[in-house]
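Here is the structure we will look at.
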Amino acid sequence: MKTEKSRLIQIAILAALGLAAALSLALPQLLRGEREPQLLSLTVLLRDTDSSGWTVARQGMEQAADELGAELRFLTLAAANDGAEQEELLLREIEDGAAALVVVPADPAALSAALDPWLVVCPVVTLESPMEGAAGVVSPDNALLGQELAEALLEDWDGGEVLLLDTAGRCAGVSARLAAAEETLAAEGIPARRAEALPEEPPRWVMAFEPSVTQRTAEGREAGGRDFALYGVGSAAAITAQLERGNLAAIAAWSDYAAGYLAVRRAVNAVRGTGGALGPLPFFILREEDIYAPENQKLLFPIMSSSSR
């Protein structure tokens, strides 16, 4: 009888030990699942067909996503500035469960109307252009940027017409830069006209208001051996290289890394109901001699600067 009782006690002890071992393995996983909320799914959609100009901004987005518990899905358009395609893609992303959207809107007014029924459940943060109903916009003060870029041109101007490259379509942010530059030049009596592309024989003074157009125009100036003063925008490595080689007279530059980081942070905060409004990104008017000034290193060479710390 005692032997049977001892055997039952041994079985009970072994069962308890087995259960304790199983719990010791499972409990950390269960607790970890409670401590680590599910990753938020964010969709990022540009208005370009080529995202290479957004490389540094994307790095900022990925840094913010890593810190804040989000995963990013990057999309590009089949045709640049195709507002209808943007609407279609974003509505599909919402249906597929995107928690928030980060967008460079091709047509902010039309996109706002298309997404309006969904903005409460899927916040949208825009880059470059404001959009009605959006949870925030990450951009420099576009009008002020256009004005100060025109003022940089006025410092050099000694006569002749100014060509304003009008390439933005319905992109409100870029259009605001152009309009402010045009107004600044007109106030000083400087003749200016708009054109959608650079003519074969451009005037001595040219202004571009998008980073991609700035880069292409500067590269075309260099390849064709043309002699005109170009004033543009952007801080990508290719634009900085053109400034250094004298193919740009001045640029309005801001931190693409900060823009990407802030956009994702604002999107995550909007989903979680935290965080406040965003102010405009600071920007700087830079010339060739400003490239290697210490205060401009993180702006123009963010990766190099971070790796040297």
Side-chain angles (χ1 to χ4, degrees), residues 41-62 65 71-96 98 100-112 114-115 124-131 134 137-140 142 164-178 194-198 206-223 230 232-242 248 251 253-254 256-257 259-260 263-264 267:
S41 176
L42 272 59
T43 295
V44 181
L45 178 58
L46 309 178
R47 63 181 181 88
D48 303 311
T49 57
D50 180 9
S51 62
S52 60
W54 293 85
T55 299
V56 175
R58 177 168 178 159
Q59 291 167 345
M61 292 177 186
E62 290 171 340
E71 57 182 359
L72 304 178
R73 173 175 163 82
F74 291 90
L75 302 177
T76 54
L77 297 176
N81 292 322
D82 189 335
E85 185 187 5
Q86 265 196 340
E87 294 174 20
E88 180 182 347
L89 289 174
L90 292 176
L91 288 171
R92 187 189 69 192
E93 290 299 302
I94 294 172
E95 291 176 359
D96 287 345
L101 309 173
V102 176
V103 188
V104 184
D107 186 342
L111 188 61
S112 175
L115 299 183
V124 176
V125 174
T126 63
L127 287 155
E128 192 175 77
S129 296
M131 187 188 84
V137 56
V138 180
S139 170
N142 288 306
L164 308 174
L165 290 175
D166 188 359
T167 58
R170 296 179 179 176
C171 179
V174 178
S175 296
R177 299 171 193 170
L178 187 154
R194 300 186 182 198
E196 294 182 358
L198 193 71
V206 178
M207 298 188 73
F209 302 95
E210 297 183 77
S212 59
V213 177
T214 296
Q215 180 181 334
R216 290 197 303 270
T217 306
E219 291 170 349
R221 180 190 187 278
E222 183 176 49
L230 175 60
V233 302
S235 59
I239 293 174
T240 302
Q242 290 296 328
L248 281 158
I251 58 172
W254 59 90
D256 287 334
Y257 187 93
V264 167

Set of residues satisfying side chain to side chain donor-acceptor pair (under 3.5 Å) with respect to [X], sequence neighbours excluded:
{"X": "Asn81", "result": "Arg47"}
{"X": "Thr167", "result": "Glu210"}
{"X": "Ser129", "result": "none"}

Qualifying residues under side chain to side chain contact (heavy atoms under 4.5 Å, CB included), relative to [X], sequence neighbours excluded:
{"X": "Ala263", "result": "Val102, Val125, Leu127, Val138"}
{"X": "Glu71", "result": "Leu39, Ser41"}
{"X": "Ala176", "result": "Asn142"}

Glu87 vs Leu115 side-chain heavy atoms within contact, under 4.5 Å: no
Would you indicate whether the side-chain heavy atoms of Phe74 and Thr43 approach each other to under 4.5 Å?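 The answer is no, as the side chains (C-beta and beyond) never meet within the 4.5 Å cut-off.
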Where do Leu42 and Leu101 land on the side chain to side chain contact (heavy atoms under 4.5 Å, CB included) test, with the steps shown first? CA-CA 6 Å; Leu42 272 59; Leu101 309 173; over 6 Å; no
For Val104 and Thr126, what are the C-alpha separation, side-chain angles and deciding distance, and is it a side chain to side chain contact (heavy atoms under 4.5 Å, CB included)? CA-CA 6 Å; Val104 184; Thr126 63; over 6 Å; no
For a side chain to side chain contact (heavy atoms under 4.5 Å, CB included) check, start with the C-alpha distance between Leu46 and Trp54, then their side-chain angles and the critical distance, and finish with the verdict. CA-CA 9 Å; Leu46 309 178; Trp54 293 85; 3.5 Å; yes
Using the salt bridge (charged side-chain N to carboxylate O under 4.0 Å, His left out) rule, collect all pairs that involve residues 211-223, keeping only residues at least two apart or in two chains. Arg221-Asp227, Glu222-Arg245
Partners passing salt bridge (charged side-chain N to carboxylate O under 4.0 Å, His left out) against [X] (at least two apart in sequence or in another chain):
{"X": "Asp166", "value": "Arg194"}
{"X": "Glu85", "value": "none"}
{"X": "Asp107", "value": "Arg170"}
{"X": "Glu93", "value": "Arg73"}

Just by modelled atom types, is the Glu128 backbone N or O under 3.5 Å from a matching donor or acceptor in the Ser139 side chain?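 At least one qualifying donor-acceptor pair exists.
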Run Leu45 and Leu77 through side chain to side chain contact (heavy atoms under 4.5 Å, CB included) and show every step you take. CA-CA 8 Å; Leu45 178 58; Leu77 297 176; 4.1 Å; yes
Run the salt-bridge test on Arg58 and Glu62 with the 4.0 Å N-O cut-off and return the result as yes or no. yes
